[in-house]
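Reviewing the structure listed below.
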Amino acid sequence: MQESEVTKSRGPRWMKILLGVSLALNLAVAGLVAGALLRPDGAGDRFSRGPGLGAFGAPYMLALPKEDRRAVFGALRKGSKEQLPNRRARREMFDKVLTTLRATPFDAAALESVVTSQAAVSVTVQRRAQDAWLEVVAGMDDAERARYADAVEEFLKRGRKRR
């Protein structure tokens, strides 16, 4: 048989390119799904070990009914003896940290001063939020408090419900 008589059947070039792109996309999606499921705080395990250290209040706040959450956040915005810094003042605190981190020579005492101020603001916000939250919970009757406890427990098991 002559070589010219034996021809290989080849598909069009565009089909090979399309199949290659399709394979790449499938592998990318499979990688994303596997990564989400295999990471330590994967989608199926979001709060099963409890929320992170910075999120002690999150389950309590997010499990509240919407109107009660608004009441707590409204109490945070109202003025009190301890005036909270506005957005601009908070941004200036972050800018001071950045400036201090970049300064040569580095001044650890100056950095400590700024982050101590930030920590004081955080404690004030937390205390005010806790007081408002306690007021809301104290105003609940027994049945409301039991439903709320169930909602907190559900949040800790599954995370926030999608609305």
Side-chain angles (χ1 to χ4, degrees), residues 24-163:
L25 287 173
N26 285 331
L27 288 174
V29 169
L32 288 172
V33 170
L37 294 175
L38 295 175
R39 69 179 186 212
D41 62 341
D45 195 26
R46 185 167 178 204
F47 281 102
S48 64
R49 289 169 289 162
L53 289 175
F56 276 110
Y60 304 126
M61 291 299 295
L62 295 173
L64 281 173
K66 191 174 189 175
E67 60 276 0
D68 290 336
R69 270 197 319 270
R70 284 185 177 165
V72 171
F73 289 123
L76 284 175
R77 287 189 278 281
K78 290 180 184 174
S80 74
K81 297 176 197 170
E82 302 165 287
Q83 188 62 31
L84 297 176
N86 62 22
R87 190 177 303 240
R88 184 179 315 157
R90 292 190 310 264
R91 181 63 208 180
E92 287 173 2
M93 286 179 168
F94 284 108
D95 290 343
K96 284 181 185 177
V97 169
L98 295 173
T99 301
T100 306
L101 287 171
R102 291 183 175 122
T104 304
F106 174 69
D107 185 353
L111 181 61
E112 181 181 16
S113 173
V114 178
V115 295
T116 298
S117 296
Q118 286 179 323
V121 170
S122 294
V123 168
T124 300
V125 169
Q126 182 180 359
R127 189 174 57 247
R128 201 181 290 177
Q130 180 177 319
D131 291 346
W133 174 79
L134 283 168
E135 190 174 312
V136 167
V137 172
M140 294 178 179
D141 62 29
D142 293 343
E144 289 172 323
R145 249 188 349 277
R147 281 193 303 275
Y148 173 62
D150 292 343
V152 171
E153 184 175 38
E154 184 68 21
F155 182 90
L156 291 170
K157 286 181 184 174
R158 297 191 187 359
R160 186 175 187 178
K161 291 180 185 177
R162 303 287 181 221
R163 295 177 192 209

Using the test side chain to side chain contact (heavy atoms under 4.5 Å, CB included), find all partners of Val115 that sit at least two apart in sequence or belong to another chain.
Val97, Leu111, Gln118
Would you name the heavy atoms of Ala129 and Val72 that are closest together and state the gap between them?
O-CG1, 4.0 Å
Do Arg127 and Thr124 touch side chain to side chain, with heavy atoms closer than 4.5 Å?
yes
Output, in order, the C-alpha distance, side-chain angles, deciding distance and verdict of salt bridge (Lys or Arg N to Asp or Glu O under 4.0 Å) for Arg91 and Asp95.
CA-CA 6 Å; Arg91 181 63 208 180; Asp95 290 343; 3.1 Å; yes
Nearest 0.5 Å please: distance from the CD atom of Glu112 over to the CG atom of Asp107.
10.0 Å
Measure the spacing between CZ of Arg128 and CD of Gln130 and express it to the nearest 0.5 Å.
13.5 Å
Do any N or O atoms from the side chain of Ser113 and from the backbone of Ala109 form a donor-acceptor pair under 3.5 angstrom?
no
Side-chain polar contacts of residues 137-149 - donor-acceptor pairs under 3.5 angstrom, sequence neighbours left out - could you list them?
residue	atom	partner	partner atom	Å
Asp141	OD1	Ala143	N	3.1
Asp141	OD1	Glu144	N	2.7
Asp142	OD1	Arg145	NH2	2.6
Glu144	OE1	Asp141	N	2.8
Arg145	NH1	Met140	O	2.9
Tyr148	OH	Tyr60	O	2.6
Tyr148	OH	Trp133	NE1	2.8

